[in-house]
Amino acid sequence: MIGHALRALADQGYDRAGVKVDSANPFGAFRVYEKAGFTSRRRFVRWALEV
């Protein structure tokens with residue numbers, strides 16, 4: 001499905017795609033996008049404190 005979407009974007013003239021993925025996703029979403037050829041550019045850290 002990712003490959004199909006990327007081909008459709010390329011056919012429309014796009015030369016870049018991006019996604020936001022939680023690297024701690026328990027279902028391995030981060031690895032799915034890595035296998036599709038995406039590379040990590042930025043990582044964000046969210047801090048929280050329960051009060």
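In this structure, Leu6 CG and Met1 CE are separated by 12.5 Å, a value rounded to the nearest 0.5 Å. Note: Ile2 CD1 to Lys35 NZ = 11.0 Å, rounded to the nearest 0.5 Å. The distance from the NZ atom of Lys20 to the CZ atom of Arg42 is 8.5 Å, given to the nearest 0.5 Å. The distance from atom CG of Asp22 to atom CZ of Phe30, rounded to the nearest 0.5 Å, is 10.0 Å. Going from atom OH of Tyr33 over to atom CG of Asn25 covers 9.5 Å, rounded to the nearest 0.5 Å.
Glu34 has its side chain out of reach of Val32: every pair of non-hydrogen atoms, C-beta onward, lies at least 4.5 Å apart.
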